[in-house]
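Some notes on the structure that comes next.
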Amino acid sequence: MIIVMKHNASKEEIDALTSHLTSCGYRLTISEGVERTVIGAIGDESLLKGKQVQTFSGVDEIIPISKPYKLVSREFKKEDTVIDVKGVKIGGKELAVMSGPCSVESLEQARIVAMRTSAKGSRILRGGAYKPRTSPYSFQGMGPEGLIYLRKAADEFGMVVVTELTDPRDIEIVSEYADILQIGARNMQNFRLLHEVGAQEKPVLLKRGMSATIKEFLLAAEHIAKEGNSNIILCERGIRTFETYTRNTLDLAAVPAIKNLSHLPVIVDPSHGTGRIECIGPMALASVAAGADGLMIEVHPNPDEALSDGDQSLTPDQYEEVMEKVEIIAKAVGKEIAK
Ligand code: PEP
Ligand code: MN
């Protein structure tokens, strides 16, 4: 529920209410406005120990949160969430660009991509070490060795690391090297995994499941937030439709729709979203124009030899070209790429 306090409510009245709610297991966000204080409260009403919120003095209005997802909803928190990852901001005025290979293949490969993309404003290096592959015979990732290479390359060029976690049993090793834990499309509804990343402190990049509705996507984020971690970045990466020419159908309308429903930052991955080189640049531009807080783009020094997703990986030169245009669109919508 959202509790709107009277404009003359005293600090004592507010404290009495918030400590009662906290003692009943409620999670609160308190916004102290110039006019009045507004309290967002999530919890189980049956635990209110007989003392209902409306009986507290100083309470003006109680508005129930109508959506099934609560903590991640815009009703619960009006302001945009800005996530700070070692000084790299995701969700504010800066456009967060995450780039790198689909899979980490060697230190040299990760270094080249980190060098070239960081020079163009990417401050977040991506790369998979544990790969969720459709075929069990495809390259499954380098595992811990890949994590080490990714970290080394990122550190050398002042970047932070995002990499996928596919199994709760790997959370310790992945967290040792990563700054942001990625939950892939295939695991968006792996609830045990969601609870695991919700119960730790690193920010989580949650990708939309390939057949997930926006409501299911936000409920998956709610599973993470309910465990205590609200530092969640949502990533639109295309959904399955009848169209097969593109790998997925990039649902760009999801960006403004989700930003209206939720306070969480939303980024777009046009690489997995389209699977086609000629679509990645234009869809990156369209994503920024649609209000995305960031991009995730696959870049490989030699896409023809990539061990995964070479068909949708940009060369560093192609990436540079795309980023030059992205910069112009970002400026037009009041965002800037941090250098
Ligand atoms: C990825 O980003 O490497 C990936 C596998 O993406 P998705 O989960 O969106 O398919
Ligand atoms: Mn990939």
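Every number for a ligand or one of its atoms is a count from 1 in the order of the listing. The basis for the numbers below is simple: all heavy atoms, side chains too, and nothing from hydrogens, waters or symmetry mates.
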Transitive ILVMFWY side-chain link Ile124 to Ile267, under 4.5 Å: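 Same cluster: Ile124 reaches Ile267 through Ile, Leu, Val, Met, Phe, Trp or Tyr contacts under 4.5 Å.
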Residues Lys120, Glu327: salt bridge by 4.0 Å N-O rule: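 Salt bridge: no.
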salt_bridge(Glu222, Lys70) N-O dist < 4.0 Å: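 Answer for the salt bridge query: no.
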The Mn ion (ligand 2): protein N, O or S atoms that are less than 2.8 Å away, sorted by chain: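 As for protein N, O or S atoms lying under 2.8 Å from the Mn ion (ligand 2), they are Cys102 SG, His272 NE2, Glu298 OE2, Asp309 OD2.
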Under 4.0 Å from ligand 1, counting heavy atoms only: the protein residues, by chain and number: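 Protein residues near ligand 1 are Arg126, Lys131, Glu164, Gln182, Gly184, Ala185, Arg186, Lys207, Arg237, His272.
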Any donor-acceptor N/O pair, Arg151 side chain to Tyr177 backbone, under 3.5 Å: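 Yes; judged by distance alone, with no hydrogens or angles, the pair exists.
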Donor-acceptor contact present, side-chain Ser271 to main-chain Glu298, <3.5 Å: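 At least one qualifying donor-acceptor pair exists.
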Test: Lys51 cationic atom under 6.0 Å from Phe56 six-membered ring centre, within 45° of axis: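 Checked: cation-pi criterion met.
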Among Thr213, Asp269, Asp251, side-chain hydrogen bond (donor to acceptor under 3.5 Å, both in side chains) partner for Arg208: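 Testing each of Thr213, Asp269, Asp251 against Arg208, the sole residue satisfying side-chain hydrogen bond (donor to acceptor under 3.5 Å, both in side chains) is Asp251.
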Residue of the set Arg186, Arg247, His272 for which side-chain contact (heavy atoms from CB on, under 4.5 Å) holds with Met210: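 Between Met210 and the candidates, side-chain contact (heavy atoms from CB on, under 4.5 Å) is satisfied uniquely by Arg186.
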Side chain to side chain contact (heavy atoms under 4.5 Å, CB included) between Ile280 and Val322, worked out: CA-CA 8 Å; Ile280 295 169; Val322 168; 5.7 Å; no
